[in-house]
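Here's the structure we're looking at; comments come further down.
The chains referred to below are lettered A, B, ... by the order of the sequence lines, with proteins before strands, and numbering in each begins at 1. Everything numeric here is computed off the predicted structure, so don't read it as measured data.
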Amino acid sequence: MPTYSSGSTGIFFMNVDQSLRTAVKQAAEALFGQPLETIQLQPTNAEFEGSHTVVCFPLTKLSRKGPEETARLVGDYLVQHAGIVSKYNVVKGFLNLVLSDQVWVDVLRAIVANPHYGQLPDNGQEIMIEYSSPNTNKPLHLGHLRNNFLGWSVSEIYKNNGYTVRKVQIINDRGIHICKSMAAWKLYGDGETPQSSGMKGDHLVGKYYVLFESQFRKEIGELIDKRNAEQPFIEVMSIFFRENPTATNFVFDYEGDAPFVVERSNTSVQYVEWEALRKILVKTFDDISRLVQGKKKGASLMYEWLKPVLSEETIFTKAQDMLRKWEQKDPDTVALWQTMNGWVYDGFGATYARMGVDFDKLYYESDTYLLGRDEVLRGLEKGIFFKKEDGSVWVDLTADGLDQKVLLRSDGTSVYMTQDIGTAILRFRDFPKITGQVYTVGNEQEYHFKVLFLILGKLGYDWAKRCFHLSYGMVDLPTGKMKSREGTVVDADDLMQEMYEEAEKQTRELGKLEDMSGEEAKRLFNMIGLGALKFFLLKVDPKKRMLFDPQESIQLQGFTGPFVQYTHARIRSILRKADSMGLRVSAADLNSVIALEPAEREALQVLSIFETKVQEAAREYAPSIIANYAYDLAKEYNKFYQSVPILPETDANKLKFRIALSRSIADAIKRAMYMLGIDVPERM
RNA sequence: GGCCCGAUAGCUCAACUGGAUAGAGCAUCAGCCUUCUAAGCUGACGGUUCGGGGUUCGAGUCCCUGUCGGGUCACCA
């Protein structure tokens, strides 16, 4: 028999599911003489009476009876033998169970008795979660926001599942990207600093990165003009058509831009739209050599024609010089690198503080890439990797269905993969107790991490199989993909500020400020603005690509963070009044038999699955599960709030129940929202 | 081109991993403030779950196939 006892004030199954499963199992064994390995238990559809439904189709094999009869047999058994089930109904093969109200009151009592409801006990395990990990050449943008909110939230969800969590990031402080900003600053900066310009450090460095890009494009344009004057591009076209007698046209297209087309009949100079081609070349210059590696006919001719431009001195070659000097530890270069990175860290610090994310330890690429290189050399000695004639070191993953991958360049310098190897190893040395590592990185790097984990395994690290790439989809704008080159990125600082202002505007319009002090109001606007933003980004399954519509993200009604915040504030308002009336309810007060309203039962039912959802969210690495849950809970509470009076209730037992239910739901909402990094207000 | 991922209401997203008549929000329309905060609640409207096959008591979910998106295949990070 199930171990449920209705009068117990001690701990019993808060998860009614468990005791029902046990009961169904026993019913099947008693009725059909055979054990049942799995039981399909699901929430009952709203249109039928009951809270739990047993799917009885799988049982028909044991019972050798029709689904409906089988369901009735089990239902009768449960009503007679399991103390929890008061009645049932059968629809097709679905057995809908109705629990007695007493059970629900006991469920609430158990929740009230547990001050940590929603927080699972310590399980002794430790994991590391990496997120953020920006480059240091420009400010954070919308994509980083999804990353940071996700990583931080998954960390909190794991904490709530009883894990010790180490939040880390790797800062890509080294490489050609920061050298680009440095080169532009050195050429055109005129000693500008965050202090002298009043600009946030990361934005200032980003400004020079943008300046680098535009300057570089300008120089390339001029060089291409010069090249065309030496040898008109049309001559290449002539060669192309001579060498490809069957070709009717030459097409050069690039990522959805209008393609450059030359028709065979139009090969004379006056028909070649030089300006169109020039525009494409300037834009795609950095990618040309890669495009040429493809099989496109005529591309190599184009490349040959461009080659002299590649060797000209530009701002880009100056950046490359700086990278070389940096690796040789040239004092001036290292000093400039430190200064500019310092500006960026100050700026990032402010942004992180406003976002409300934090880290337990920071890793810097400049500290880990050498370890990675040593590790690769060790692998080379052991024959795990191999060296090509030009001196570059490679790993062969063809046996695993992947390709060959370069690990060290022919000049011995490190690539991205190299430093990731070093970083991973360093982290397991720093935190020997961690059982695994989670990398919060966009899904465009899935291949990279597949390769990384394979390499770590080959190097003999058994923890490699406990590394997990938390891969999330890109954030699109209504106008399409964000492209820094085209200036369509949404800046993180700007966005947070806009959300704040929108929250203020809407709050004032609704006249919600009343007697609030200036400070309290500011805190509220920040809570609402940031809450709306975080909820908007976290409510979608991380794996999926999502659309960021600014108009929709500032909505404060419906399936939004502020909706949940508002529900919390409403409950707190009631609880304040209850307190001032001297109404405090403890678990021991919830011992009377009362008849529940449907809305009470439904809200409590949602409240009762909180911990199941917390577990599920960790298993799936999905804050969206918590966001959806918080919304469901708030919605159920609002229905209850709307249909059942709380404080005016004259029956003392009902009043206590409603206050306890309200308080427990407020607490659960607060905890759930905290897992998303969202604070909830007392008033709004 | 190879590999990976996706396609659900006009729009943005759910659907407890194979279960009932596929659900929410936004938008549109109609109601509810002398009961505790109307940033709320209640209705209505809205679907060939991309097309076509298959597997079984049962498919949005699994398999095959086609179409359309996206990502990735760098001595970039």
A:N628 side chain, from C-beta outward: closest of B:rG19, B:rA14, B:rC41: B:rA14
A:F94-B:rA20 aromatic stacking (under 5.5 Å, under 30°): yes
Nearest to side-chain heavy atoms of A:Q557, which nucleotide of B:rA77, B:rA39, B:rC16: B:rA39
side-chain hydrogen bond (donor to acceptor under 3.5 Å, both in side chains) between A:Q605 and A:S51, intermediate numbers included: CA-CA 8 Å; A:Q605 203 176 322; A:S51 60; 4.7 Å; no
Touch class at under 4.0 angstrom, heavy-atom based, for A:P58 against every strand present: base
Heavy-atom donor-acceptor pair, A:R658 side chain to A:P645 backbone, under 3.5 Å: yes
Sugar-phosphate only, base, or nothing, as touched by A:I625 at under 4.0 Å among non-hydrogen atoms: nothing
Sugar-phosphate only, base, or nothing, as touched by A:P67 at under 4.0 Å among non-hydrogen atoms: nothing
B:rU42 base / A:Q642 side chain donor-acceptor hit below 3.5 Å: no
Any N/O donor-acceptor pair, A:K512 side-chain to B:rU37 base, under 3.5 Å: yes
Touch class at under 4.0 angstrom, heavy-atom based, for A:I646 against every strand present: base
Rounded distance in Å between the C1' positions of B:rC63 and B:rG47: 25 Å
Touch class at under 4.0 angstrom, heavy-atom based, for A:D541 against every strand present: sugar-phosphate
B:rG25 OP1/OP2 closer than 4.0 Å to side-chain N/O of A:K539: no
For A:Y364, ring pair (Phe, Tyr, Trp, His ring centres under 6.0 Å) partners two or more places apart: A:Y345
Sugar-phosphate, base or nothing in reach of A:Q551, heavy atoms under 4.0 Å: nothing
Side-chain-base donor-acceptor pair under 3.5 Å for A:T53 and B:rA20: yes
Closest nucleotide among B:rC57, B:rA38, B:rC36 to the A:F57 side chain: B:rC57
Sugar-phosphate only, base, or nothing, as touched by A:V406 at under 4.0 Å among non-hydrogen atoms: sugar-phosphate
Sugar-phosphate only, base, or nothing, as touched by A:S471 at under 4.0 Å among non-hydrogen atoms: nothing
Heavy-atom donor-acceptor pair, A:N96 side-chain to B:rA20 base, under 3.5 Å: yes
Touch class at under 4.0 angstrom, heavy-atom based, for A:V415 against every strand present: sugar-phosphate
A:L607 side chain near A:E636 side chain, heavy-atom distance below 4.5 Å: no
Atom pair CG/NZ of A:L661 and A:K654 - distance to nearest 0.5 Å: 14.5 Å
Centroid under 5.5 Å and tilt under 30°, A:Y631 to B:rA24: no
Touch class at under 4.0 angstrom, heavy-atom based, for A:K635 against every strand present: sugar-phosphate
Nucleotide nearest A:N45 when distance is taken to its side chain, options B:rA20, B:rU12, B:rG40: B:rA20
Closest to the A:P645 side chain, choosing from B:rU35, B:rA14, B:rG71: B:rU35
Below 4.0 Å: OP1/OP2 of B:rA39 and any side-chain N or O of A:Y566: yes
Interatomic distance where CD belongs to A:Q404 and P belongs to B:rC3 [whole Å]: 19 Å
